[in-house]
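Here is the structure we will look at, set down as C-alpha cells.
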Amino acid sequence: MRRTTCALLTAALAAVLLLVAPLGPATAARPRLSARLAAGTVYLGKPITVSGVAPGRIARPARLELRTSTGTWRVLKRVRTARTGRFQISATASRLGTDRLRILAPAVRRHRSAVSPTLTLTVRAVPVRTLAPPTPPVDGCTPGTSATDPAADASAADLMTTLAEWRTDKLMAVGQQVNISDDGQWQDVLAGLAPQHVAVIGFDLAELAQAEARGVDPLPDLIDDAKQDGAVLVATWHATNPWDGTGDAYDRTDASHLSDLLSTTTTAGAAFWQMWDDQVAGPLARIRDAGLPVIFRPFHEANGNWFWWSNPNPTVYKALWAMAQQRAAAEDLQNVVWSYTAALRNSSAVTDPVALLPACVELGGLDSYEPAGQKGSSVSLTDYARLEAKVPFMTLSEVGAKGSDGSWDPNAITSTLKAQKQYASYALLWFDDSDGKKQIASLDDGEDWLAGCSATSGTDGFCRLS
C-alpha cells in the first residue's frame with residue numbers, strides 16, 4: 001500500500017513539474033499570425049485585400065509585404081491592428097503575374113514579431129467584355145466619357161481647369177515625346193534639357209508593352225518624372241494590326257474591315273479588345289492610381305493612309321471611338337482626357353480631318369511636320385482653325401521637321417501661332433528617329449528656344465503666345 005501511494009505521489013509531482021516547466025526550444029520560433037486573401041485572383045489596378053488576426057491581443061503595427069525577384073520582401077502597405085489583433089489591409093494590384101505576399105507584425109513590448117504563412121496572388125489583365133452597341137450621343141458626348149462630365153475623376157477635371165488657365169494666360173506648354181521602349185535611355189531625352197524641363201511628356205502605349213515584354217517596367221519612372229516636374233502625360237497608341245497579329249501599326253492588311261472591331265466576337269475584334277485591355281486599360285489604370293490624369297489620343301492621323309486604322313469610313317471610325325470610350329468608362333478610366341489628332345492635309349493622300357471628328361473629345365490636335373531640308377521659318381496650319389472651332393482645346397499634337405539634320409528652328413512654332421493669331425494648349429516635339437533629328441535637345445536652336453520661352457513666360461516649359 002505504501003509503495004502504491006508513493007508511486008502515485010511521484011507521478012503527480014512529475015505532472016506538476018511538467019506544467020510549470022519553462023517552454024523548450026520547440027516553442028521559441030516566431031509565432032505565426034492568421035491571414036487570408038479576400039480573393040486569390042484580382043485584375044490589374046484593383047484592390048488586394050488581406051485580413052486576419054495577429055497574436056498577442058494587443059494593438060500593434062502590421063505590414064503587407066511582397067516577395068521580390070531577389071528573394072527580399074518589399075513593404076506594400078502598413079496598418080495598425082485592433083486591440084483584439086484583428087486587421088484588414090489593402091493595396092493596389094500594380095503588375096501582372098503571380099506573386100507571393102505575407103503579413104509581418106513587428107515585435108512590440110513583450111510580444112515577439114509574428115509572420116503569416118505565404119499567400120499566393122495572381123493578377124490578371126482586365127478581361128474582354130461584351131459591350132452593348134454605342135449609345136447615341138447626348139449633347140455631343142457619350143455619357144460618362146467627358147472630362148467635363150460629373151463622372152470624371154478629380155485629376156481629369158483639374159487638368160481641364162488647368163488647360164483653361166493656360167489659355168487665359170496665353171501660355172503654350174512645350175512637350176517632348178520619349179521612346180519608352182528604349183530601356184532607361186528614354187530619360188536621356190528629358191535629362192538632356194537640364195536644368196530646363198518640359199511641361200508635357202508624350203509616350204506610346206505600344207512601346208511600353210514592348211519594354212514590359214523584355215521584363216522592364218518604365219512606367220513608375222515615367223510617372224515619377226511627370227510628378228517631379230508637374231508635367232502632363234500624353235499617351236499615343238501605335239497598336240499592332242489585329243487581323244494578322246504580327247504586323248505593326250503600318251501594316252494595312254485587312255484595314256478595309258475596320259467594322260470587325262465593333263464586335264468582340266469577331267476574330268479581329270477579340271484580338272483588338274484583348275490588346276486594349278493589355279496595352280491601354282492596365283497602364284492608364286496605373287496612372288489613375290498614381291493620382292495623375294492622362295491625355296489619350298488613340299487612332300491618330302486617321303485622315304492619312306499609312307496606319308491600319310487610316311482612311312476609314314467616318315461612321316465606323318466614330319463608332320470605334322465611342323466603343324473605346326464606353327469601354328474606358330466601364331473600366332473606371334475616368335482620369336482620361338480624350339484627344340482627336342489629325343495629320344496635316346499636305347497631299348491628296350490626306351483627307352479632311354473634320355469629317356472624322358468623333359462625337360466626344362476634349363482636345364483636338366494637328367500633327368504638322370515641315371519637309372526635309374527646311375530650316376523652319378513657319379509651321380503649316382492647314383485645317384487648324386476649322387478643328388479649333390469644334391473642340392474645347394486645340395494642340396500641335398506633333399510638330400517639327402522630317403529628315404532634319406538639326407538645323408530646323410523651333411522658333412517657327414511660336415512665331416507662326418502668333419502671326420496667325422492661333423492658340424495651342426501645347427506643342428509636342430518627337431524624339432530622334434530614322435526620319436531625322438526631332439527632339440528639342442538635338443535641334444541647333446532647341447534649348448535656346450525653350451530657355452527663351454521660359455524667360456518670356458516666366459514659367460519653365462511654357463511659351464507665351466501674346
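Just the heavy atoms: all of them, side chains too, but no hydrogens, waters or symmetry mates, feed the values below.
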(request) Scan side-chain atoms only and decide if T265 and S263 contain a donor-acceptor pair under the 3.5 Å cut-off. (result) yes
Should the pair H300 and F307 be assigned to parallel (<30°), tilted (30 to 60°) or perpendicular (>60°) ring geometry?
tilted
Please check if the side chain of R252 supplies one atom and the backbone of S310 the other of a donor-acceptor pair under 3.5 Å.
yes
Sequence neighbours excluded, the answer for ring pair (Phe, Tyr, Trp, His ring centres under 6.0 Å) partners of Y423 is none
With sequence neighbours left out, the residues meeting side-chain hydrogen bond (donor to acceptor under 3.5 Å, both in side chains) with R102 are E65
| request: Give a yes or no answer on whether the side chain of N335 reaches the backbone of L292 with a donor-acceptor pair at less than 3.5 Å. | output: yes
* **Other residues, nucleotides, ligands: >12 heavy atoms within 6.0 Å of K170 NZ** => no
Only one of F272, W309, F203 passes ring-ring contact (aromatic ring centres under 6.0 Å, His included) with W237, and that residue is F272
So the disulfide bond (SG atoms under 2.5 Å apart) pairs with at least one residue in residues 395-466 (sequence neighbours excluded) are C453-C463
By salt bridge (Lys or Arg N to Asp or Glu O under 4.0 Å), D221 pairs with (sequence neighbours left out) none
Taken in chain and number order and not counting sequence neighbours, the residues that satisfy salt bridge (Lys or Arg N to Asp or Glu O under 4.0 Å) with D158 are none
Taking only Lys NZ, Arg NE, NH1 and NH2, and the carboxylate oxygens of Asp or Glu, determine whether K437 and D432 approach each other closer than 4.0 Å. no
Here the ring-ring contact (aromatic ring centres under 6.0 Å, His included) pairs for residues 162-192, sequence neighbours left out, are W166-F462
